[in-house]
Enquirer: 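If you scroll down you'll find the structure; I have some questions about it.
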Amino acid sequence: MIEHHYTITLEPRGKGRPVFTRATGSARTPETTRAWEHEAAHQLREQHAVKTGRFYVPCDDMSPLWEVEVRAYHQRPRTKPAYLPRALWALPDYRLHATSRHDLDNIVKITLDAMQLARVVGNDRCIVSIMAGSYYAFVDECPRVEVVMREVAL
């Protein structure tokens with residue numbers, strides 16, 4: 001089974017809502033979303049070329065289907081979240097779930113769009129299963145998005 005691991009060393013963010021222009025009736029992607037996608041795509045492209053020797057994984061009738069696991073690690077907040085008991089907050093090796101940051105579905109959307117922009121996948125329609133999680137990074141860790149792609153066995 002083929003498996004690819006990628007790490008995007010940026011603070012996770014959600015895909016922004018499109019901005020509509022009344023005069024022309026057109027929509028455009030917000031600049032912050034576009035900048036994150038392009039930087040993430042650059043990092044993914046470099047990692048993919050080193051690992052596979054190819055610039056993208058094609059998606060057609062002969063190509064495999066993929067399942068993707070996305071784990072977003074946000075910067076740990078300075079103050080204790082209200083939902084968390086004080087005893088768990090004090091543990092340095094406890095992985096906290098991030099609930100107050102960007103919506104997880106939007107993090108997945110922007111990550112998959114960056115993967116398509118980087119040509120890691122030819123089209124994200126070949127992704128048939130998604131597992132995702134949002135966590136706070138440990139104190140000594142940097143914020144990042146980790147992506148694991150696994151070929152689906154038919």
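Atom set for the values below is all heavy atoms of this structure, side chains included, hydrogens, waters and symmetry mates excluded.
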Enquirer: Can you sort out the partners of Tyr73 under ring pair (Phe, Tyr, Trp, His ring centres under 6.0 Å), two or more places apart, ordered by chain and number?
Expert: Tyr135
Enquirer: Using salt bridge (Lys or Arg N to Asp or Glu O under 4.0 Å) as the criterion, list what pairs up with Glu69, not counting sequence neighbours.
Expert: Arg71, Arg150
Enquirer: For His74 and Ile107, what are the C-alpha separation, side-chain angles and deciding distance, and is it a side chain to side chain contact (heavy atoms under 4.5 Å, CB included)?
Expert: CA-CA 11 Å; His74 301 275; Ile107 294 171; 3.8 Å; yes
Enquirer: State yes or no: do Val147 and Ile130 share one hydrophobic cluster built from I, L, V, M, F, W and Y residues joined by side-chain heavy-atom distances below 4.5 Å, directly or via other members?
Expert: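 Linked, Val147 and Ile130 end up in one cluster.
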Enquirer: Can you confirm whether Arg34 is buried at CZ, in the sense that more than 12 heavy atoms of other residues, nucleotides or ligands lie under 6.0 Å from that atom?
Expert: yes
Enquirer: What I'd like to find out is whether the side chain of Arg45 reaches to under 4.5 Å of the side chain of Val120, using heavy atoms alone.
Expert: no
Enquirer: Is the closest basic N to carboxylate O distance between Lys109 and Glu37 below 4.0 Å?
Expert: no
Enquirer: I want to check something: taking the side chain as every heavy atom from C-beta on, are Val148 and Val68 in contact at a cut-off of under 4.5 Å?
Expert: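 Val148 does not reach Val68 side chain to side chain.
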Enquirer: With a distance cut-off below 6.0 Å to the six-membered ring centre and an angular limit of 45° from the axis, does Arg76 pair with Phe138 as a cation-pi contact?
Expert: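 Pair Arg76/Phe138 does not count as cation-pi.
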Enquirer: Which value, rounded to the nearest 0.5 Å, describes the distance between Ile127 atom CD1 and Gln116 atom CD?
Expert: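 Output value for this atom pair is 8.5 Å.
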Enquirer: Do you know which two heavy atoms are closest between Pro77 and Trp89, and how far apart they sit?
Expert: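 So the two residues come closest at O-CH2, 3.2 Å.
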Enquirer: Atom CD in Glu67, atom SG in Cys126: separation rounded to 0.5 Å?
Expert: 12.5 Å
Enquirer: Can you see whether Ser134 engages His97 through a side-chain donor-acceptor pair at a distance of less than 3.5 angstrom?
Expert: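 Looking only at side-chain atoms, His97 and Ser134 do not form any donor-acceptor pair under 3.5 Å.
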Enquirer: Indicate the atoms forming the closest heavy-atom contact of Arg95 with Glu141, along with that distance.
Expert: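 Closest approach of Arg95 to Glu141: NH1-OE1, 3.1 Å.
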Enquirer: May I ask you to test the Met149-Ile2 pair for a side-chain heavy-atom distance under 4.5 Å?
Expert: no
Enquirer: Any non-hydrogen side-chain atom of Glu39 less than 4.5 Å from a side-chain atom of Leu10?
Expert: yes
Enquirer: For Thr9, check side-chain contact (heavy atoms from CB on, under 4.5 Å) against everything at least two apart and list the hits.
Expert: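 Here the qualifying residues are Thr7, Gln43.
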Enquirer: Is the backbone N or O of Arg125 less than 3.5 Å from a side-chain atom of Asn123, with the two atoms forming a donor-acceptor pair by type?
Expert: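 Present.
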Enquirer: At their closest point, which heavy atom of Ala137 faces which heavy atom of Cys142, and how far apart are they?
Expert: CB-O, 4.2 Å
Enquirer: If the condition is salt bridge (Lys or Arg N to Asp or Glu O under 4.0 Å), which residues does Arg28 pass it with, not counting sequence neighbours?
Expert: none
Enquirer: Among all residues two or more places apart in sequence or in another chain, which pass the side-chain contact (heavy atoms from CB on, under 4.5 Å) test with Leu88?
Expert: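 Scan of Leu88 (side-chain contact (heavy atoms from CB on, under 4.5 Å), adjacent residues dropped) gives Leu84, Pro85, Leu91, Tyr94.
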Enquirer: Side chain to side chain contact (heavy atoms under 4.5 Å, CB included) for Met131 and Val70? Distances and angles first, verdict last.
Expert: CA-CA 6 Å; Met131 296 183 314; Val70 178; over 6 Å; no
Enquirer: Side-chain contact test, heavy atoms from C-beta onward, threshold under 4.5 Å: evaluate it for Asp124 versus Trp66 and give yes or no.
Expert: no
Enquirer: On a heavy-atom basis, which atom in Pro18 and which in Pro30 lie closest, and how many Å separate them?
Expert: CA-CD, 4.4 Å
Enquirer: For Thr79, what residues pass the side-chain contact (heavy atoms from CB on, under 4.5 Å) criterion, not counting sequence neighbours?
Expert: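 For Thr79, no residue satisfies side-chain contact (heavy atoms from CB on, under 4.5 Å) once neighbours in sequence are set aside.
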Enquirer: Are any non-hydrogen side-chain atoms of Leu65 and Glu151 less than 4.5 angstrom apart?
Expert: no
Enquirer: From the options Val108, Asp103, Ile110, select the one residue that forms a side chain to side chain contact (heavy atoms under 4.5 Å, CB included) with Asn106.
Expert: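 Going through Val108, Asp103, Ile110 one by one, the side chain to side chain contact (heavy atoms under 4.5 Å, CB included) with Asn106 is satisfied by Asp103 alone.
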Enquirer: For the side chain of Thr33 and the backbone of Lys15, is there at least one donor-acceptor N/O pair under 3.5 Å apart?
Expert: no
Enquirer: Check whether any side-chain heavy atom of Gln75 lies under 4.5 Å from a side-chain heavy atom of Tyr136, and answer yes or no.
Expert: no
Enquirer: Compare all side-chain heavy atoms of Asp113 with those of Trp36 and state whether any distance is below 4.5 angstrom.
Expert: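 No. Closest side-chain heavy atoms not under 4.5 Å.
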Enquirer: Specify whether His4 and His48 have parallel, tilted or perpendicular ring planes, treating 30° as the upper limit for parallel and 60° as the lower limit for perpendicular.
Expert: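 Ring orientation of His4 relative to His48: perpendicular.
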